[in-house]
Amino acid sequence: MFKPTFFSSLLWSALVVSLSTGVFFACSSPSPPPEIRIGVIAPLTGDSDARWGKSYVNGAMLAAARINEDGGLEIDGRKLKVTLTFADSQGNPQLALNVARKLIARYEVAAIVGAPRSQVAIPVAALAESRQIPFVTSMATHPRVTAGRRFTFRTIFSDTFQAEVLARFAYQDLGARQAAVLYEVTSDDNTSLAGLFKTEFEAKGGRVVAFESYITGESDWTRQFETIRDSGAELLFLPNFGNEVPRQARLARQAGIRMPFLGGDDWWGIETGKDRAALEGGFFSTDYALDLDSPQNKKFVASYRERYKEDPNDNAAHIYDALGLIFKVIAEQGRVDSESIRDGLAGVRNYSGVTGTMRFQGSGDPVKSAQIIQVTGGRFIVVKTMAP
């Protein structure tokens with residue numbers, strides 16, 4: 001029987017070691033088929049994203065436990081248990097593609113979830129499309145992930161919508177007419193959001209007066225910060241990964257930049273008090289906040305805290321919703337074949353998830369609201385909800 005438990009550090013280490021060698025971990029005791037097999041691709045070891053690996057596993061296990069503790073999903077009058085098979089992408093696109101192939105060919109999964117980074121999700125989406133396997137990415141925001149694909153969906157908003165929300169907030173709510181942007185040029189996610197924000201902000205009547213790039217690992221950013229400081233910008237947009245942004249903010253202040261900071265959904269991962277203090281007063285967009293006032297989120301947070309003795313983050317919430325969507329359509333369709341799951345996902349019109357209410361309308365991008373968060377006294381405070 002599938003029964004998630006809180007990982008001790010020793011058990012978590014053992015799990016990570018097995019996954020890092022390419023071994024897949026099925027979260028259920030041996031049991032005879034039939035069962036509903038779902039693949040979960042996540043960065044559990046390897047790059048900096050691996051620090052979130054535990055939250056992906058916890059969120060996914062909690063979602064499956066909700067179904068299995070009720071006996072499973074009913075198919076043809078018989079309840080079938082859910083088996084999750086975790087595969088480690090290590091944040092590497094080629095490795096993600098390899099493990100996705102194994103999930104489909106060897107484990108015959110009915111669907112795949114996860115692959116949270118766009119650079120990983122894009123090749124997985126292409127494979128899923130060619131094999132006609134439903135794929136729900138939890139956190140990848142680049143427009144290319146879902147563009148032109150029938151079998152790929154996401155639970156988070158796309159960069160297209162996120163950029164429009166941020167530009168609207170900057171122009172209307174902050175009153176900014178001139179903005180500066182600093183972005184990591186080798187990252188698909190960062191480059192996409194930076195470019196889309198520039199387009200949207202200028203379409204609203206603003207001007208991007210400094211559009212500066214950098215490459216992770218560079219030690220001297222004097223030129224970029226001097227250009228931004230002297231540009232006349234009224235805010236600095238940092239659409240970069242949460243582990244890089246606090247240092248950028250500190251360097252900006254040291255260079256004499258006093259304008260407010262604005263960021264994207266990756267800021268959610270900024271945890272420590274020191275790092276948040278560097279962004280004090282700044283704003284960022286997301287579609288999940290721990291204190292979202294909905295019955296679904298309150299129940300999720302309470303269940304997560306009870307099982308794992310800690311708060312969930314956005315990664316846990318999104319993987320929970322990705323699986324929740326798949327479970328919903330399987331239950332409604334009463335079928336587990338890929339075309340039925342795909343059609344069910346495309347037909348979702350009102351799914352109340354923990355990250356908000358969403359629907360799909362002509363694409364794999366959810367129609368859902370965004371939250372604007374302000375960094376205040378080391379806390380993330382929701383200051384505005386922005387509808388599509």
Side-chain angles (χ1 to χ4, degrees), residues 41-43 45-53 56 89-97 114-126 137-147 152 154 156-167 179-201 208 210-221 223-225 227-228 236-252 261-271 275 279 282 284-287 314-315 318 365:
I41 298 177
T45 64
D47 72 356
S48 60
D49 287 348
R51 62 199 174 115
W52 303 118
Y56 289 116
S89 69
Q90 296 183 19
N92 181 296
Q94 186 57 55
L95 182 56
L97 195 56
R117 289 285 184 215
S118 295
Q119 65 178 2
V120 170
I122 289 170
V124 171
T137 179
S138 53
M139 294 288 288
T141 57
H142 197 292
R144 285 175 53 204
V145 175
T146 57
T152 298
R154 58 176 135 218
I156 196 169
F157 44 50
S158 73
D159 280 337
T160 303
F161 174 64
Q162 180 172 208
E164 192 281 326
V165 162
L166 286 165
V181 180
L182 176 68
Y183 67 99
E184 215 285 356
V185 72
T186 67
S187 163
D188 286 340
D189 285 296
N190 300 0
T191 302
S192 167
L193 189 53
L196 288 166
F197 173 82
K198 181 176 186 294
T199 298
E200 292 288 345
F201 188 69
V208 172
F211 196 68
E212 297 296 310
S213 64
Y214 70 94
I215 297 174
T216 298
E218 289 180 341
S219 57
D220 186 3
W221 295 355
R223 180 194 61 78
Q224 291 96 321
F225 284 125
T227 299
I228 291 168
L236 173 55
F237 182 43
L238 299 170
N240 306 314
F241 297 144
N243 61 324
E244 298 177 332
V245 168
R247 176 172 178 264
Q248 294 165 8
R250 284 190 282 268
L251 290 174
F261 299 125
L262 185 67
D265 60 287
D266 261 299
W267 282 28
W268 219 108
I270 299 170
E271 288 190 308
D275 286 346
L279 297 163
F284 69 96
S285 59
T286 183
D287 61 354
D314 57 340
N315 298 300
H318 274 283
D365 297 331

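- Nearest heavy atom pair, residue Ala121 against residue Ala115, reads CB-O, 3.4 Å.
- The closest donor-acceptor contact from the side chain of Asn240 to the backbone of Leu182 lies under 3.5 Å.
- Thr137 places a side-chain N or O within donor-acceptor distance of the main-chain N or O of Gly114, the cut-off being under 3.5 Å.
- The two residues Ile41 and Pro116 make their nearest non-hydrogen contact at O-CD, 4.0 Å.
- A distance of 12.5 Å separates CG in Leu193 from CG in Asp188, rounded to the nearest 0.5 Å.
- Using the six-membered ring where Trp is involved, Phe197 and Phe201 have ring planes that are parallel, under 30° apart on the 30 and 60° scheme.
- Closest approach of Gly264 to Leu166, counting heavy atoms only: CA-CD1, 4.4 Å.
- For the ring pair (Phe, Tyr, Trp, His ring centres under 6.0 Å) test, no residue two or more places apart in sequence or in another chain qualifies with Phe261.
- In terms of the salt bridge (charged side-chain N to carboxylate O under 4.0 Å, His left out) criterion, residue partners of Asp365 (sequence neighbours excluded) are, by chain and number, Arg154.
- For Trp221 (side chain) and Gln248 (main-chain N/O), no donor-acceptor pair under 3.5 Å exists by modelled atom type.
- The salt bridge (charged side-chain N to carboxylate O under 4.0 Å, His left out) check on Glu184 picks up nothing, with sequence neighbours excluded.
- In this structure, Asp275 and Arg250 have side chains that are in contact, with non-hydrogen atoms separated by less than 4.5 Å.
- For the atom pair CG (Asn190) and OG1 (Thr216), the distance works out to 7.5 Å, reported to the nearest 0.5 Å.
- For Thr191 (side chain) and Val185 (main-chain N/O), a donor-acceptor pair under 3.5 Å exists by modelled atom type.
- For Phe211, the ring pair (Phe, Tyr, Trp, His ring centres under 6.0 Å) partners are Tyr183, not counting sequence neighbours.
- In this structure, Glu218 CD and Gln224 CD are separated by 6.0 Å, a value rounded to the nearest 0.5 Å.
- Annotation: side chain of Pro246 is in contact with side chain of Ile270 (closest heavy-atom distance under 4.5 Å).
- No donor-acceptor distance shorter than 3.5 angstrom exists from the side chain of Thr45 to the backbone of Gln90, with no hydrogens or angles considered.
- When side chains are defined from C-beta on, Leu196 counts as touching Pro143, because their heavy atoms get closer than 4.5 Å.
- With sequence neighbours left out, Glu244 forms a salt bridge (charged side-chain N to carboxylate O under 4.0 Å, His left out) with no residue at all.
- For the residue pair Ser192/Asp159, the side-chain donor-acceptor check at 3.5 Å is satisfied.
- Atom CE of Met139 and atom CG of Asp287 lie 7.5 Å apart (nearest 0.5 Å).
- Side-chain contact between Glu164 and Phe157 is absent, with no heavy atoms from C-beta onward closer than 4.5 Å.
- Taking all atoms of both residues into account, the shortest heavy-atom contact from Ser89 to Leu95 is O-CD2, 3.5 Å.
- To the nearest 0.5 Å, atom NE2 of residue His142 and atom OG of residue Ser187 are 8.5 Å apart.
- If you take CD on Gln162 and OG1 on Thr286, they are separated by 8.0 Å, rounding to the nearest 0.5 Å.
- In terms of the salt bridge (charged side-chain N to carboxylate O under 4.0 Å, His left out) criterion, Asp265 has no residue partners (sequence neighbours excluded).
- Residues Thr152 and Ala125 approach most closely at OG1-CB, 3.4 Å, considering heavy atoms.
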